[in-house]
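What you see below is based on every heavy atom in this structure, not just the backbone, and it leaves out hydrogens, waters and symmetry mates.
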Amino acid sequence: MAKTKGSRLVREIDVFIRRRLGPSSAPTGDGLHYWRERIFHYFSIGLLFFGLVVYLYLGLTFIQEEAYTNAIFTTFVFLSAVFVTSVRSLPFKFRVGWILFLIYLIGIYQVLKANNSAVGYMFLLSYTLMSGILVGQKGAWFSILVSTISLAALSAILYLPTFSIPYTPAIPFLDYLQLSIVFTIVILITLLPLNSLLNGMLFSLKKEQRYRRLLRREHENLVLAKRKAEESDRLKTSFLSNMSHEIRTPMNAILGFSNLLSHPEIDTSEKEEFVNLIKINGKNLLTLVEDIIDISKLDSGQLQVKNAPCKLHSMMSEIFDSFHEDIKRRGLFNLKLYVKEGVSDENILILTDEHRLKQILVNLIGNAVKFTERGFIEFGYTQIEDQFLQFYVKDTGIGLPHGKENEIFERFSKFNNDKQRLYGGTGIGLSIAKHLVNLLGGEIWVESEAMIGTTFFFTLPYHRLMNQKLDEEAKRESIQDFNWEGKTFLVAEDEEDNFRYIEVALALSNASLIWAKDGQEAVNVFRKVNNIDLVLMDIKMPLMDGYTATREIKTINKDVPVIAQTAYALSEEKEKSKEAGCDDYIAKPIGYEDLLTTINRYVPGNGNLVSKL
């Protein structure tokens, strides 16, 4: 039983020492500072243990001798040492400095009282060594300097008649001088290898710390790479899932209504409705493909803006008409659409990339329509001095969760928590809009409140142009009834379905067509037939691509116009086509009206203007 109590007492003492006197500010193994705290910890324990014994002995001795000044001094030294070593909240440098100062003070006091005292020199030696260990090399040399100056000062106090002391020096001056020189030599001899050891330890610790930093950095890089890989995998899964849904949805309508068109019981009015729905879903599918292409261009740095005169109000009116019809078609009778123009001039003309500005507004308004069932959607702009136009799209929809205003512009971000209604979308429209605004020299941000509504703002530099007279003939070009009777067009196209589309489209204008199924055949036909008026050149073809075929044809006759038609869109195909010698460029899918108006620029049709339906 007594043994158990003794063991418990030892454990309690050990816990007290570790908790009250142990190092606490430095993490385990944290370099030289950690080891200095550990050394100071155990040094403090020894100092307090022996200090208590010495204090009790000297204190009682001084009291018996009625040397109360010495007793007070001894009490001050001991209690201040206890305080500094036990209060761990004090700065480590202060604790070390105060203990070293007390050791130095005791040493000086012992040398002054009995200048042949081994105890005094022992304390001064301890002061120097501990300075080197706990402070460093500079502290060690500083302690040597302080000890040397102190011994010199004590020699003046002890042996010069100028100073009056209450006791006689214990040894002659020469002996004191010899003892001080020997002491200084001993300190130097002791300190030099100690410094070498400390430098080696410091070098090793620094190297270890450097290795730890490198390992920690490598670990952080690996963790970051893992997170990026996981995020990439998540985004890829999200992308494939969104794409599958967004592609299959319009394709289902296109294929479904296409099959119904051939049903004998479908009347003409229903067929017209089906054709219109096929066009709408085809346009949605094309928009999706263009968004994917724009994302790829943004990642590769190939997306560029082309500033040109833009009739702002006309463009906004087109957007309004398009979405107004879309809202009516969806049956959203409780949703109103408004447009607000910030400048009274209806013919205002600004310098910007009209296609990209329209794309930004369409993305933002389409997003508002998707998340707003009732209330209103308003879009427009205001003029900020003479430097910027601030556009906005405001809705009364479901809003955004608090704190998600910046994340909404990240790719594939969706924050709708409504499990009863699935909102479509790829999650890339707003990301594209933000990049386009930045490319146009503006900024975009959003203000939103859940279940109240959302307002997107973006600014663009304001470069107003003088109103220019529009080319009315160019405006009416799209509604002409073209007639190319007597004209021969060479169509280089390896896909029969694509040629069939061009054949039917141009058959209405009485043009004669020659079909070449590859680039080599197109060159051969051009050499044999002399009356070819225009060439429609596909870019990707077997045997010889469209670029090479165009160069060959231009070598034969450089005056015959060549119009490139291609499905490539990831690179600047228009510039490549011009470098190859093409006169113009049409991107697939080719619109009927775009095809006719482009051809008419190079081979004018002899038709009459018809009224716009």
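No side-chain heavy atom of Asn557 sits less than 4.5 Å from a side-chain heavy atom of Ile532. For the pair Met316/Phe379, a side-chain contact is recorded, criterion being any heavy-atom separation below 4.5 Å from C-beta on. Using a 4.5 Å heavy-atom cutoff, the side chains of Arg374 and Leu335 are not in contact. Using a 4.5 Å heavy-atom cutoff, the side chains of Ile398 and Thr454 are not in contact. At a threshold of 4.5 Å between non-hydrogen side-chain atoms, the residues Val393 and Phe391 do not count as touching. Proximity of Asn367 to Lys370: side-chain heavy atoms (C-beta onward) are separated by under 4.5 Å at one or more points. Side-chain contact between Leu364 and Leu430: present, with at least one pair of heavy atoms (C-beta onward) separated by less than 4.5 Å. Between Lys434 and Phe458, the closest side-chain pair of non-hydrogen atoms is not below 4.5 Å.
Below 30°, between 30° and 60°, or above 60°: for His313 and Tyr381 the angle between ring planes is between 30° and 60°, a tilted geometry. The aromatic rings of Phe489 and Trp484 stand perpendicular to each other, their planes meeting at an angle above 60°, with 30° marking the opposite boundary.
In this structure, Gln390 and Phe457 approach most closely via the heavy-atom pair NE2-CD2, 3.6 Å. Across all non-hydrogen atoms, the minimal contact from Leu285 to Pro250 is CD1-CG, 4.0 Å. In this structure, His324 and Leu337 approach most closely via the heavy-atom pair N-CD2, 3.8 Å. Heavy-atom minimum distance, Gly442 versus Pro461: N-CD, 4.4 Å. The nearest pair of heavy atoms linking Ala505 to Leu595 is CB-CD2, 4.1 Å. Contact record, Glu354 with Cys310: CG-SG, 3.6 Å, taken as the closest heavy-atom pair.
With Thr459 contributing its side chain and Glu443 its backbone, the two residues share a donor-acceptor pair below 3.5 Å. When atom types are taken as modelled, the side chain of Ser322 and the backbone of Ile319 share no donor-acceptor pair closer than 3.5 angstrom. Of the possible donor and acceptor atoms, one in the side chain of Asn281 sits under 3.5 Å from a partner among the backbone N and O of Leu277. Thr396 contributes no side-chain N or O that, together with a main-chain N or O of Thr372, makes up a donor-acceptor pair within less than 3.5 Å. The backbone N or O of Val560 lies less than 3.5 Å from a partner atom in the side chain of Lys554, making a donor-acceptor pair.
Leu506 CG to Leu596 CG: the interatomic distance, rounded to the nearest 0.5 Å, is 6.5 Å. Taking OH of Tyr592 as the start and CD1 of Ile502 as the end, the distance is 13.0 Å to the nearest 0.5 Å. Distance CD/Gln565 to CG/Leu536: 5.5 Å, rounded to 0.5 Å. Between the CG atom in Asp291 and the CD1 atom in Ile432 there is a gap of 4.0 Å [rounded to 0.5 Å]. The distance from the CE atom of Met537 to the OG atom of Ser577 is 10.5 Å, given to the nearest 0.5 Å. Here the CG atom belonging to Asn438 is positioned 10.0 Å from the CZ atom belonging to Phe409, to the nearest 0.5 angstrom.
Residue Tyr602 is tested with Asp584, Asp583, Asp533 for a side chain to side chain donor-acceptor pair (under 3.5 Å); the sole match is Asp584. Evaluated for a side-chain contact (heavy atoms from CB on, under 4.5 Å) with Leu534, the options Leu490, Thr598, Val603 yield exactly one hit, Val603.
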(message) Run the side-chain contact (heavy atoms from CB on, under 4.5 Å) test on Phe257 and Leu260 for me, step by step, so that the C-alpha distance in whole Å, both residues' side-chain angles and the decisive distance to 0.1 Å come before the verdict.
(response) CA-CA 5 Å; Phe257 288 121; Leu260 290 175; 4.1 Å; yes
(request) Please lay out, stage by stage, how Arg356 and Leu439 fare under the test side-chain contact (heavy atoms from CB on, under 4.5 Å). (result) CA-CA 10 Å; Arg356 297 304 179 184; Leu439 286 174; over 6 Å; no
(request) Could you go through the side-chain contact (heavy atoms from CB on, under 4.5 Å) check for Ile348 and Glu341 one step at a time? (result) CA-CA 10 Å; Ile348 180 175; Glu341 298 163 347; over 6 Å; no
(request) Take Asp345 and Arg464, measure what side-chain contact (heavy atoms from CB on, under 4.5 Å) needs, and give me the verdict at the end. (result) CA-CA 11 Å; Asp345 185 3; Arg464 185 167 183 173; 2.7 Å; yes
(request) Please lay out, stage by stage, how Tyr392 and Glu378 fare under the test side-chain hydrogen bond (donor to acceptor under 3.5 Å, both in side chains). (result) CA-CA 8 Å; Tyr392 68 92; Glu378 179 179 300; 2.5 Å; yes
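Remark: Glu495 does not engage Lys588 in a salt bridge, criterion side-chain N to carboxylate O under 4.0 Å.
With sequence neighbours left out, Gln520 forms a side-chain hydrogen bond (donor to acceptor under 3.5 Å, both in side chains) with Asn524. Qualifying side chain to side chain contact (heavy atoms under 4.5 Å, CB included) partners for Asn307, counting only residues two or more places apart in sequence or in other chains: Leu351, Thr352, Asp353, Leu440. Every residue was checked against the side-chain hydrogen bond (donor to acceptor under 3.5 Å, both in side chains) condition with Asp395, not counting sequence neighbours, and none meets it.
Atom CD of Gln383 sits in a crowded spot, with more than 12 heavy atoms from other residues, nucleotides or ligands closer than 6.0 Å. Few gaps surround NZ on Lys271; more than 12 heavy atoms of other groups in view lie less than 6.0 Å from it.
The salt bridge (Lys or Arg N to Asp or Glu O under 4.0 Å) pairs that include a residue from residues 499-509 are Arg500-Glu503, where partners are two or more places apart or lie in different chains. The side chain to side chain donor-acceptor pair (under 3.5 Å) analysis of residues 325-340, with sequence neighbours excluded, yields the pairs Asp326-Arg329, Asp326-Arg330.
Side-chain contact, Glu385 with Tyr462: no donor N or O sits under 3.5 Å from an acceptor N or O. Between the side chains of Gln359 and Asp294, at least one donor N or O lies within less than 3.5 Å of an accepting N or O. For Thr287 and Asn284, the side-chain atoms include no donor-acceptor pair closer than 3.5 Å.
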What pairs of donor and acceptor atoms, side-chain ones from residues 218-228 against any protein atom, are under 3.5 angstrom apart with sequence neighbours left out?
{"unit_1": "Asn221", "atom_1": "ND2", "unit_2": "Arg217", "atom_2": "O", "d": "3.3"}

